[in-house]
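Scroll down for the structure; my scribbles are underneath it.
Chain A is the first sequence line, chain B the second, and so forth, proteins listed ahead of strands; every chain is numbered from 1. Both backbone and side-chain heavy atoms feed into the values below; hydrogens, waters and symmetry mates do not.
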There are 2 protein chains.
Amino acid sequence: MAPHLNNVGTTKERILSTAEVLFARRGFDGASLRQLTAAAGVNLAAVNYHFGSKEKLIEQVFRRRLDALNARRLDALSKVIGTDDTTLEDVLDAYIRPALELSHDDNGALFMRVLARAFAEHDDTLRHFLSENYGHVMRQFTAEFARLLPQLSKPELYWRIDLVTGALTHAMSGFGMIQRKSGVSETVHLEQTAQHLIRFAVAGLSHP
Amino acid sequence: MAPHLNNVGTTKERILSTAEVLFARRGFDGASLRQLTAAAGVNLAAVNYHFGSKEKLIEQVFRRRLDALNARRLDALSKVIGTDDTTLEDVLDAYIRPALELSHDDNGALFMRVLARAFAEHDDTLRHFLSENYGHVMRQFTAEFARLLPQLSKPELYWRIDLVTGALTHAMSGFGMIQRKSGVSETVHLEQTAQHLIRFAVAGLSHP
DNA sequence: CGTATGATCAAACGATCGTTTGAACACGTT
DNA sequence: AACGTGTTCAAACGATCGTTTGATCATACG
């Protein structure tokens, strides 16, 4: 067996999914294009040919996952709002569950680590990109939280959403103490995680 | 004015405090020893002469701050436990406030970003180092949480502590939405942050 | 004064990085 | 068969990295 982590799909797809794995494992700087292309089983020059540069490859890794994630988030949100009996749990579920389900398919969980790493890197270019392309999603959820928590001042609400975001990012990036027990199936573990996150977020958002 | 960020103290001290700034700003890989020594106003070879290697320098940057931080945490904890009327707020205060006060002195806030970055990097060497040297602090706090929250199962408690840790790390690393308003003094902002964090953590830990 | 000792210096080392180049290849169209 | 287009390839480019070297400086001791 050749030392390839990936040998299916087109060259572009192999680079993308291999990049996701290696960026999560070693970081953006830590994963070199030589390691990446070797693991993907493609030529070194293929990255610059198909993506233009390493930085544009990173952007594509983000775009591929986040487009799907935020589309599903907005879809789930649209299904729970507009009625009189919308609960905080419903909105949080629409926010959290798509992210957890993303961890379901191959390498999806690794992408969450990529995302957490990107947050920690404080890269302004990346933050602009995130705000530019997906800021409207966060804005829509924030508006819904504000409607469901009218007793909170705007600064107070922003504080709490920020802390919830920290907890979610931390949990989804998977570097906490909690690991899946060997006897628990992936599906069950996902459901347990969702339950913990939502209950925790409800308590943190709505306490007096 | 020469392009030095730092020109006081011994060579070793100048390297340490300059490293703290640059690691927070550009990451461990991103900050090169040439940038670092130039900013510190010392010779390139000084790092390897005084610390042995870049990795050992990183370890010293951590050790200098974490020794003080965890000593103050344990000191604060010892002052609130042992009595019958110890509250969850007391223990959380002992955990959170030393970290926030660390952000008070020069570059202390930057160190929190270094710490958050280190968490995100998933570096096993670093995690071993943290667990080896400061694990007993976390264990002591966890034991106290368990005593104050006897209704929670052990897995449930670990889950909640994990999520609280995520919120704290996120908030202290300062990459959230919340920024200090220009009219608010540093001291006031610190107190507000502590209040938000503690109330949020209490709600998240103790909800039914 | 002479001489150890520790600190600082400019310069170079080998390694690895992202990127570029130009030839070779595959293959549908004329 | 000849050509054009898009892709893959080995090889090299210049830049930068962490580290090492050997000379030079400062200073305290016999």
Would you mind reading off the distance between [X] atom [atom1] and [N] atom [atom2], rounded to a whole angstrom?
X: A:Leu44; N: D:dT7; atom1: CG; atom2: P; value: 18 Å
X: B:Asn43; N: D:dT24; atom1: CG; atom2: P; value: 15 Å
X: A:Ile15; N: D:dC9; atom1: CD1; atom2: C1'; value: 13 Å

Side-chain donor-acceptor distances from residues 44-52 of chain B under 3.5 Å, at least two apart:
none

Whichever of B:Arg34 and A:Gly52 has its nearest DNA chain C nucleotide further upstream toward 5': B:Arg34
Ranking A:Tyr49 and A:Gln35 by the position along DNA chain C of their nearest nucleotide, the one closer to 5' is A:Gln35
Please figure out whether B:Ser32 or A:Ala45 has its closest DNA chain D nucleotide nearer the 5' end.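 The residue closer to the strand's 5' end, by nearest nucleotide, is A:Ala45.
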By side-chain hydrogen bond (donor to acceptor under 3.5 Å, both in side chains), which residues pair with A:Asn70, not counting sequence neighbours?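 By the side-chain hydrogen bond (donor to acceptor under 3.5 Å, both in side chains) rule, A:Asn70 matches no residue at all.
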Contacts of type side-chain hydrogen bond (donor to acceptor under 3.5 Å, both in side chains), residue A:Arg73, not counting sequence neighbours: none
For chain B, the stretch of DNA chain C it reaches, first to last nucleotide, under 4.0 Å of its heavy atoms: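 It runs C:dG6 to C:dA12.
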I need the full list of salt bridge (Lys or Arg N to Asp or Glu O under 4.0 Å) pairs touching residues 135-145 of chain A, with sequence neighbours left out, sorted by first then second residue.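 Passing the test, one end in residues 135-145 of chain A: A:Glu144-A:Arg147.
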So which atom in B:Asp29 and which in A:Gly30 form the shortest heavy-atom distance, rounded to 0.1 Å?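 Minimum heavy-atom separation between B:Asp29 and A:Gly30: OD2-N, 4.2 Å.
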Please identify each residue that fulfils side chain to side chain contact (heavy atoms under 4.5 Å, CB included) with A:Leu88, with sequence neighbours left out. A:Leu92, A:Phe145, A:Leu148, A:Leu149, A:Val202, A:Leu205, A:Ser206
